[in-house]
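Below is one structure, written out as C-alpha coordinates, with a few remarks after it.
Per chain, numbering begins at 1; letters A, B, ... match sequence-line order. Source: prediction; values computed, not measured.
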Amino acid sequence: MTQHYELLYLVAATMTEEEVHKVREQVKRILTKYESKITLEESQGKKRLAYPVDKNHQGYYELLEFDLESAKLVELERELRLSNELLRHIVVKKTPKTAGKGLLKVTRVSAKPDLDLANQTPMTPKIASKPQPTAVEKKDDSSKPRLKLEDLDEKLDEILEGDIM
Amino acid sequence: MMNKQRNSNDILTKPKVCYFCLNNVQIIDYKDTQLLRKFLSSYSKIVPRKRSAVCSAHQRELANAIKRARVMALLPFTTK
(Lines give C-alpha, C1' and ligand atoms only; values in the text may rest on other atoms or scores of the structure.)
Protein backbone atom coordinates (compact mmCIF):
# COMPACT_ATOMS: atom_id res chain seq x y z
CA MET A 1 0.00 0.00 0.00
CA THR A 2 1.37 3.41 -0.85
CA GLN A 3 1.46 5.92 1.93
CA HIS A 4 2.29 9.59 2.07
CA TYR A 5 5.34 10.33 4.20
CA GLU A 6 7.31 13.30 5.36
CA LEU A 7 11.06 13.19 5.88
CA LEU A 8 12.94 15.78 7.88
CA TYR A 9 16.68 15.48 8.12
CA LEU A 10 19.46 17.44 9.72
CA VAL A 11 22.79 18.24 8.09
CA ALA A 12 25.75 19.72 9.96
CA ALA A 13 26.27 23.46 9.47
CA THR A 14 30.01 22.91 9.11
CA MET A 15 29.26 21.93 5.53
CA THR A 16 29.15 24.54 2.83
CA GLU A 17 26.00 25.35 0.91
CA GLU A 18 27.42 23.34 -1.99
CA GLU A 19 28.05 20.23 0.09
CA VAL A 20 24.55 20.45 1.50
CA HIS A 21 23.24 20.54 -2.04
CA LYS A 22 25.14 17.33 -2.75
CA VAL A 23 23.62 15.69 0.33
CA ARG A 24 20.21 16.80 -0.85
CA GLU A 25 20.78 15.13 -4.20
CA GLN A 26 22.06 12.01 -2.50
CA VAL A 27 18.97 11.71 -0.31
CA LYS A 28 16.74 12.18 -3.30
CA ARG A 29 18.64 9.46 -5.09
CA ILE A 30 18.00 7.10 -2.18
CA LEU A 31 14.31 7.99 -2.27
CA THR A 32 13.98 7.40 -5.98
CA LYS A 33 15.83 4.13 -5.59
CA TYR A 34 12.89 2.88 -3.56
CA GLU A 35 10.46 4.15 -6.20
CA SER A 36 9.06 6.98 -4.15
CA LYS A 37 7.40 9.96 -5.73
CA ILE A 38 8.62 13.23 -4.25
CA THR A 39 5.79 15.71 -3.91
CA LEU A 40 7.39 18.49 -1.91
CA GLU A 41 10.88 19.78 -1.29
CA GLU A 42 11.68 22.47 1.18
CA SER A 43 14.84 23.80 2.78
CA GLN A 44 14.12 25.05 6.26
CA GLY A 45 17.50 26.72 6.37
CA LYS A 46 20.23 26.98 8.96
CA LYS A 47 18.98 26.80 12.50
CA ARG A 48 20.46 26.78 15.96
CA LEU A 49 20.09 23.34 17.51
CA ALA A 50 18.39 22.91 20.87
CA TYR A 51 21.38 20.85 22.01
CA PRO A 52 24.71 20.02 20.38
CA VAL A 53 24.62 16.99 18.06
CA ASP A 54 28.07 15.52 17.44
CA LYS A 55 29.54 18.83 18.61
CA ASN A 56 27.50 20.76 16.05
CA HIS A 57 25.58 23.72 17.38
CA GLN A 58 23.91 24.60 14.12
CA GLY A 59 22.45 22.64 11.28
CA TYR A 60 20.49 22.74 8.05
CA TYR A 61 16.99 21.30 8.18
CA GLU A 62 15.70 19.79 4.96
CA LEU A 63 12.12 18.67 4.43
CA LEU A 64 10.79 16.22 1.85
CA GLU A 65 7.36 14.79 1.22
CA PHE A 66 6.87 11.67 -0.83
CA ASP A 67 4.65 8.69 -1.60
CA LEU A 68 6.15 5.31 -0.88
CA GLU A 69 5.18 1.68 -0.77
CA SER A 70 4.94 1.17 2.98
CA ALA A 71 6.75 -2.18 2.86
CA LYS A 72 9.86 -0.42 1.55
CA LEU A 73 10.03 2.06 4.40
CA VAL A 74 12.14 -0.12 6.67
CA GLU A 75 14.83 -0.52 4.04
CA LEU A 76 14.74 3.16 3.21
CA GLU A 77 15.13 4.16 6.84
CA ARG A 78 18.03 1.77 7.20
CA GLU A 79 19.84 3.39 4.30
CA LEU A 80 19.20 6.86 5.68
CA ARG A 81 20.53 5.80 9.06
CA LEU A 82 23.70 4.48 7.47
CA SER A 83 24.54 7.66 5.60
CA ASN A 84 27.14 9.65 7.49
CA GLU A 85 26.06 13.08 6.29
CA LEU A 86 22.74 13.06 8.12
CA LEU A 87 23.00 13.93 11.79
CA ARG A 88 19.36 13.13 12.40
CA HIS A 89 16.38 12.14 10.34
CA ILE A 90 12.74 11.34 10.95
CA VAL A 91 10.10 9.83 8.69
CA VAL A 92 6.51 10.51 9.65
CA LYS A 93 3.22 9.54 8.06
CA LYS A 94 1.58 12.63 6.69
CA THR A 95 -2.20 12.36 6.47
CA PRO A 96 -3.33 15.40 4.53
CA LYS A 97 -0.92 16.26 1.76
CA THR A 98 0.37 19.78 2.02
CA ALA A 99 -0.96 20.55 -1.44
CA GLY A 100 -4.54 19.46 -0.73
CA LYS A 101 -5.53 21.41 2.35
CA GLY A 102 -8.85 21.68 4.13
CA LEU A 103 -9.80 18.02 4.19
CA LEU A 104 -9.90 17.60 7.95
CA LYS A 105 -10.73 21.14 8.91
CA VAL A 106 -14.51 20.94 9.02
CA THR A 107 -15.50 19.12 12.18
CA ARG A 108 -15.27 21.35 15.26
CA VAL A 109 -16.09 24.91 14.34
CA SER A 110 -17.96 26.52 17.20
CA ALA A 111 -15.41 26.32 20.01
CA LYS A 112 -14.87 30.07 20.18
CA PRO A 113 -18.49 31.24 20.34
CA ASP A 114 -19.06 28.68 23.11
CA LEU A 115 -16.33 30.29 25.18
CA ASP A 116 -17.83 33.73 24.73
CA LEU A 117 -21.16 32.42 25.89
CA ALA A 118 -19.56 30.92 28.96
CA ASN A 119 -18.07 34.30 29.81
CA GLN A 120 -21.30 36.14 29.37
CA THR A 121 -23.81 33.83 31.00
CA PRO A 122 -23.09 34.89 34.60
CA MET A 123 -23.79 38.47 33.54
CA THR A 124 -27.14 37.97 31.83
CA PRO A 125 -29.42 37.70 34.91
CA LYS A 126 -28.14 41.05 36.23
CA ILE A 127 -28.73 42.71 32.89
CA ALA A 128 -32.29 41.43 32.85
CA SER A 129 -33.09 42.83 36.31
CA LYS A 130 -31.62 46.32 35.82
CA PRO A 131 -32.41 49.15 33.37
CA GLN A 132 -30.48 48.86 30.13
CA PRO A 133 -27.94 51.73 30.11
CA THR A 134 -26.33 50.71 33.42
CA ALA A 135 -26.30 47.13 32.29
CA VAL A 136 -24.28 48.08 29.23
CA GLU A 137 -21.84 50.00 31.39
CA LYS A 138 -21.43 47.03 33.68
CA LYS A 139 -20.73 44.75 30.78
CA ASP A 140 -17.92 47.04 29.62
CA ASP A 141 -16.40 47.12 33.09
CA SER A 142 -16.36 43.37 33.39
CA SER A 143 -14.88 42.78 29.96
CA LYS A 144 -11.90 45.06 30.57
CA PRO A 145 -10.23 43.24 33.47
CA ARG A 146 -10.75 39.94 31.69
CA LEU A 147 -8.84 41.19 28.69
CA LYS A 148 -6.10 42.53 30.90
CA LEU A 149 -5.76 39.15 32.55
CA GLU A 150 -5.31 37.52 29.18
CA ASP A 151 -2.64 40.06 28.33
CA LEU A 152 -0.95 39.31 31.63
CA ASP A 153 -1.00 35.61 30.88
CA GLU A 154 0.53 36.25 27.50
CA LYS A 155 3.25 38.38 29.03
CA LEU A 156 3.95 35.68 31.58
CA ASP A 157 4.25 33.13 28.81
CA GLU A 158 6.69 35.39 27.00
CA ILE A 159 8.79 35.81 30.13
CA LEU A 160 8.81 32.07 30.71
CA GLU A 161 9.81 31.49 27.12
CA GLY A 162 12.63 33.95 27.57
CA ASP A 163 13.87 31.87 30.48
CA ILE A 164 14.05 28.79 28.30
CA MET A 165 16.18 30.50 25.73
CA MET B 1 -17.89 25.72 49.31
CA MET B 2 -16.23 24.20 46.28
CA ASN B 3 -17.88 26.79 44.11
CA LYS B 4 -16.52 29.64 46.19
CA GLN B 5 -12.98 28.34 45.96
CA ARG B 6 -13.23 27.99 42.24
CA ASN B 7 -14.40 31.56 41.85
CA SER B 8 -11.49 32.93 43.82
CA ASN B 9 -9.11 30.93 41.66
CA ASP B 10 -10.68 32.21 38.46
CA ILE B 11 -8.50 35.30 38.65
CA LEU B 12 -5.36 33.19 38.56
CA THR B 13 -6.32 30.45 36.14
CA LYS B 14 -6.65 30.69 32.39
CA PRO B 15 -9.99 29.80 30.81
CA LYS B 16 -10.29 26.03 30.89
CA VAL B 17 -10.52 25.40 27.18
CA CYS B 18 -8.05 23.31 25.25
CA TYR B 19 -5.88 25.52 23.03
CA PHE B 20 -6.04 23.05 20.14
CA CYS B 21 -9.81 22.55 20.33
CA LEU B 22 -10.26 26.30 20.44
CA ASN B 23 -8.14 26.83 17.35
CA ASN B 24 -9.51 23.75 15.61
CA VAL B 25 -6.10 22.08 15.27
CA GLN B 26 -6.36 18.43 14.22
CA ILE B 27 -2.72 17.61 13.61
CA ILE B 28 -0.03 19.08 15.82
CA ASP B 29 3.10 19.69 13.75
CA TYR B 30 6.35 18.70 15.46
CA LYS B 31 8.19 21.31 13.38
CA ASP B 32 6.22 24.20 14.85
CA THR B 33 8.62 24.84 17.71
CA GLN B 34 7.24 28.25 18.55
CA LEU B 35 3.91 26.71 19.39
CA LEU B 36 5.33 23.65 21.14
CA ARG B 37 7.54 25.80 23.38
CA LYS B 38 4.39 27.22 24.94
CA PHE B 39 3.73 23.77 26.36
CA LEU B 40 7.17 23.32 27.90
CA SER B 41 8.08 24.35 31.42
CA SER B 42 11.11 26.48 32.19
CA TYR B 43 13.03 23.21 32.57
CA SER B 44 11.73 22.11 29.16
CA LYS B 45 9.48 19.49 30.67
CA ILE B 46 6.11 18.88 29.04
CA VAL B 47 3.57 20.96 30.91
CA PRO B 48 0.88 18.84 32.62
CA ARG B 49 -2.72 19.13 31.48
CA LYS B 50 -3.62 20.54 34.84
CA ARG B 51 -1.65 23.66 34.02
CA SER B 52 -2.07 23.98 30.27
CA ALA B 53 -5.77 22.98 30.13
CA VAL B 54 -5.15 20.92 26.97
CA CYS B 55 -7.73 18.15 26.49
CA SER B 56 -6.49 14.57 26.88
CA ALA B 57 -6.68 13.68 23.20
CA HIS B 58 -4.65 16.73 22.20
CA GLN B 59 -2.24 16.28 25.10
CA ARG B 60 -1.32 12.86 23.73
CA GLU B 61 -0.73 14.30 20.27
CA LEU B 62 1.17 17.22 21.76
CA ALA B 63 3.44 14.95 23.79
CA ASN B 64 4.27 12.94 20.66
CA ALA B 65 5.00 16.10 18.70
CA ILE B 66 7.30 17.44 21.43
CA LYS B 67 9.15 14.14 21.61
CA ARG B 68 9.65 14.09 17.85
CA ALA B 69 10.92 17.65 17.95
CA ARG B 70 13.35 16.71 20.71
CA VAL B 71 14.84 13.89 18.68
CA MET B 72 15.41 16.29 15.80
CA ALA B 73 17.12 18.80 18.12
CA LEU B 74 14.35 21.30 17.47
CA LEU B 75 13.50 21.35 21.17
CA PRO B 76 15.70 20.62 24.17
CA PHE B 77 15.29 17.57 26.38
CA THR B 78 16.25 19.66 29.39
CA THR B 79 17.53 23.10 30.23
CA LYS B 80 19.90 23.15 33.18
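With A/Y61 contributing its side chain and B/M72 its backbone, the two residues share a donor-acceptor pair below 3.5 Å.
Contact of B/L74 with chain A is made through backbone and side chain together, with heavy-atom distances under 4.5 Å. The part of A/L63 that comes within reach of chain B is its side chain, from C-beta onward, which places non-hydrogen atoms under 4.5 angstrom from that chain. Only the backbone of A/Y9 comes within contact range of chain B, judged by heavy atoms closer than 4.5 Å.
Following chains of ILVMFWY side-chain contacts shorter than 4.5 Å, one cannot reach A/L76 starting from A/V92, and the two form parts of different hydrophobic clusters. There is a path of hydrophobic side-chain contacts, each under 4.5 Å, that joins A/V23 to A/L7. Linking ILVMFWY side-chain heavy atoms closer than 4.5 Å, directly or via other members, places A/Y34 and A/I90 in two distinct hydrophobic clusters. A/L86 and A/F66 end up in the same hydrophobic cluster when Ile, Leu, Val, Met, Phe, Trp and Tyr side chains are linked at under 4.5 Å.
The pair A/E42-B/K31 does not count as a salt bridge, with every side-chain nitrogen at least 4.0 angstrom from each carboxylate oxygen.
For CD of A/E25, the number of neighbouring non-hydrogen atoms (other residues, nucleotides, ligands) closer than 6.0 Å is greater than 12. In A/K72, the NZ atom is crowded: over 12 heavy atoms of neighbouring residues, nucleotides or ligands sit closer than 6.0 Å.
Residues A/A50 and B/L75 approach most closely at CB-C, 3.2 Å, considering heavy atoms. Of all heavy-atom pairs between B/V71 and A/Y51, the closest is O-OH, 3.3 Å.
Between chain B and the options A/L8, A/L10, A/L49, heavy-atom pairs under 4.5 Å are most frequent for A/L8.
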